[in-house]
Chemist: 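Sending over a structure as structure tokens; questions will come in a sec.
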Number of protein chains: 2
Amino acid sequence: MATIRDVAKLADVSVSTVSLALSNPARVSSKTLEKIRQAIAAVGFVADPLAQSLARGRSRMIGFVVGNVGNPFFGDIRRELENYALDHEHFVVVTDSSGKTDRERAMVEHLIGLKTAGLALAPSGYDQGYIDFVASLNVPIVCFDQKVAGIERDFVGSDNYLAGAMLTEHLLQLGHRRIAFITGPSHMRTATERYRGFAETMANAGVEVNPNLVVDGQFTRTAGYEAAMRLLIQPERPTAILGANNTVALSALQAMQELGFRCPEDISLAMIDNVQWSSVITPRITMVVQDTLALGSIIARRLMHRITNPQGAVEPPQDFVLTPKFVPGNSCRRI
Amino acid sequence: MATIRDVAKLADVSVSTVSLALSNPARVSSKTLEKIRQAIAAVGFVADPLAQSLARGRSRMIGFVVGNVGNPFFGDIRRELENYALDHEHFVVVTDSSGKTDRERAMVEHLIGLKTAGLALAPSGYDQGYIDFVASLNVPIVCFDQKVAGIERDFVGSDNYLAGAMLTEHLLQLGHRRIAFITGPSHMRTATERYRGFAETMANAGVEVNPNLVVDGQFTRTAGYEAAMRLLIQPERPTAILGANNTVALSALQAMQELGFRCPEDISLAMIDNVQWSSVITPRITMVVQDTLALGSIIARRLMHRITNPQGAVEPPQDFVLTPKFVPGNSCRRI
DNA sequence: TGATTAAATCGAACCGGTTCGATAGAGCCC
DNA sequence: GGGCTCTATCGAACCGGTTCGATTTAATCA
């Protein structure tokens with residue numbers, strides 16, 4: 001590999017001039033610039049990113065930290081970020097914490113060690129230690145998906161209250177009253193907001209919520225399945241189930257199918273967030289989806305803005321909340 | 001941030017001794033070691049991975065390069081690799097080429113620039129330029145999924161011929177004769193092998209393949225959908241469709257559903273490779289799946305072996321081919 | 001006890017860039 | 001022509017580690 005010193009020698013200038021020519025060509029005379037250009041081409045010089053990062057104290061990498069890269073929600077956002085970053089000569093390092101807070105922390109520390117230029121973080125933690133940790137990081141960070149109280153960073157997400165309310169209202173309009181809700185972890189804002197949207201919409205309609213019909217699905221497959229089973233074996237069975245995310249809703253569908261319930265004939269189902277191949281799932285689930293492309297785009301722009309603008313670091317954090325979209329299916333019937 | 005010089009000063013030893021103590025404690029006297037240990041704890045020293053990589057010429061990162069990290073097949077492999085790498089103090093950098101060869105190449109070049117210790121690569125290219133490029137990389141590489149002729153590297157994959165043959169035989173045994181096959185790109189070994197398994201099994205059974213029933217789905221959703229549509233509008237419609245991968249098979253299911261065909265009553269369907277949530281897709285698709293966990297485990301071990309063993313680099317490349325597994329569903333009926 | 005050898009530690013060079021103060025020369029003004 | 005400013009270039013220090021030959025110290029043996 002050719003180094004900058006090889007270039008300098010061949011062009012008969014000093015190393016620092018070559019470096020300057022690369023970072024700020026305007027400050028080098030045109031004939032020197034030309035000599036350097038030719039020398040670079042002749043020896044096939046490419047700057048070593050590691051050496052640059054070490055010297056600069058900043059790399060051209062962006063860390064992307066989520067709980068599950070397989071989730072198409074995160075996948076869409078990742079793609080947007082990658083495209084935008086690549087256009088701005090940055091490289092996205094994708095990491096997956098499997099939803100575990102300690103692992104996420106380890107990954108973030110790794111990324112910080114790599115002197116990443118910035119972080120796009122879907123936080124999984126929520127306690128004070130975690131919040132302090134995120135606050136201590138001296139790097140541009142854009143958080144998304146999960147709004148964590150106490151983290152003073154840019155945030156990009158969707159109106160989860162609205163998402164829960166929309167589907168609840170839909171089910172109410174179809175005549176449902178015994179509506180079950182499968183929740184997520186109580187420490188996740190997305191989960192509590194979606195539930196609040198459900199509960200308040202029910203209350204506004206004057207419908208009382210049977211506490212037995214609110215079960216905890218933890219946003220996971222196993223807990224969601226179990227929660228759904230508990231719903232289905234009740235004598236006062238719900239006429240509709242609202243899953244607070246894609247995983248618990250589809251777990252409920254699986255439980256229904258296994259026990260022999262038909263959807264929507266026996267029980268209606270609605271969910272928040274899409275999954276891959278939802279179009280071939282029978283019935284097509286009625287859902288509210290987030291505008292992942294827009295979210296990804298905002299995250300990317302906001303992050304690059306903070307990275308590239310010198311004064312970007314001191315701008316106060318800002319929240320971007322998008323409106324989710326209703327996607328009708330045929331999993332909810334009128335009763 | 002504390003540096004190694006801070007530690008050296010506090011422990012009253014030279015920088016090189018601290019470095020030695022860190023990399024090879026046995027060669028440092030126990031009392032010096034203790035002094036250094038205390039000094040490290042006192043100043044909170046953590047070695048800068050960037051500086052280490054620059055000095056060593058090798059980092060502790062492993063590059064993972066696939067066409068679609070959202071695909072659960074790659075997701076499982078990624079998880080295995082990450083776990084194993086983490087246990088061996090390596091960090092996996094995940095990149096997604098979106099299936100584009102030029103982008104994959106850019107990502108690999110980036111990773112090489114990062115002086116990654118090794119690469120787990122699901123190659124998407126096939127021409128001579130690409131092969132030469134991969135050959136030119138002076139880093140341990142384990143290729144997987146796609147076996148590319150000419151690339152002399154470790155390879156880990158499944159017996160794709162068998163996968164195609166198993167499902168074909170199954171359909172034949174159920175009485176099907178007009179079996180359609182949706183292929184993948186002809187430059188992909190997985191695609192051609194799966195097709196060969198289909199074609200030879202048909203030939204062995206003395207059943208002639210109608211060329212109109214072999215259509216190209218490119219392993220993509222749009223092409224698969226289009227190919228399926230062309231199958232469905234034929235007067236001599238197939239009684240069964242075999243999709244060479246999950247994407248084209250599910251695209252076919254979608255096409256069938258949209259046109260009003262029932263599966264399996266009107267047309268049977270079988271596919272190679274699983275998808276997330278296949279258990280809630282109606283009907284449950286009969287499929288042959290790869291042992292992703294075993295594949296991931298082998299990839300991880302083989303790669304770490306080459307990375308950590310000094311003589312690992314010169315070992316001749318080896319192929320690991322696993323047997324895929326038949327998973328019965330109810331998408332194939334006896335006729 | 002002095003010579004020999006092994007173990008422990010050190011110093012300096014190096015990895016490949018960036019950065020900034022210093023210096024030399026060119027151009028301008030009075 | 002002397003003083004001044006600007007521009008182009010350079011040298012040296014630095015980022016934070018690793019590596020290896022050299023040197024000092026301790027242990028072994030005749």
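Protein chains get the first letters and strands the later ones, always in sequence-line order, with residue 1 at the start of each. For clarity, every value in this text was computed on a predicted model and none was experimentally measured. Values below: all heavy atoms of this structure, side chains included; hydrogens, waters and symmetry mates excluded.
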Chemist: Distance-only check: which donor-acceptor pairs under 3.5 Å involve side-chain atoms of residues 129-144 of chain A, not counting sequence neighbours?
Modeler:
{"residue": "A:Tyr130", "atom": "OH", "partner": "A:Glu104", "partner atom": "OE2", "Å": "2.1"}
{"residue": "A:Asp132", "atom": "OD1", "partner": "A:Gln128", "partner atom": "NE2", "Å": "2.9"}
{"residue": "A:Ser136", "atom": "OG", "partner": "A:Phe133", "partner atom": "O", "Å": "2.6"}

Chemist: Strictly under 4.0 angstrom, non-hydrogen atoms only: write out the protein contact profile of nucleotides 11-19 of chain C, one letter per nucleotide from the 5' end, B, S or -.
Modeler: B---BBBBB
Chemist: Within the structure, does a side-chain N or O atom of B:Ser29 lie under 4.0 Å from either OP1 or OP2 of C:dT9?
Modeler: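 Looking at the OP1 and OP2 atoms of C:dT9, one of them is under 4.0 Å from a side-chain N or O of B:Ser29.
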Chemist: Strictly below 4.0 Å, N to O, side chains only: are B:Lys35 and B:Asp12 in salt-bridge contact?
Modeler: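 Salt bridge flag = no for B:Asp12 with B:Lys35.
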Chemist: Considering only NZ, NE, NH1 and NH2 on the basic side and carboxylate oxygens on the acidic side, decide whether A:Glu315 and A:Arg302 come within less than 4.0 Å.
Modeler: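 Yes.
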Chemist: Less than 4.0 Å between a side-chain N and a carboxylate O, is that true for B:Asp154 and B:Arg306?
Modeler: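 Yes, charged N to carboxylate O under 4.0 Å.
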Chemist: Any sub-3.5 Å donor-acceptor pair from A:Asp76's side-chain atoms to A:Leu293's backbone N or O?
Modeler: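 No, the answer is negative, given that no donor and acceptor are paired below the 3.5 Å cut-off.
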Chemist: Between A:Lys9 (NZ) and D:dT9 (C1'), how many Å, whole number?
Modeler: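 My rounded result for the distance is 19 Å.
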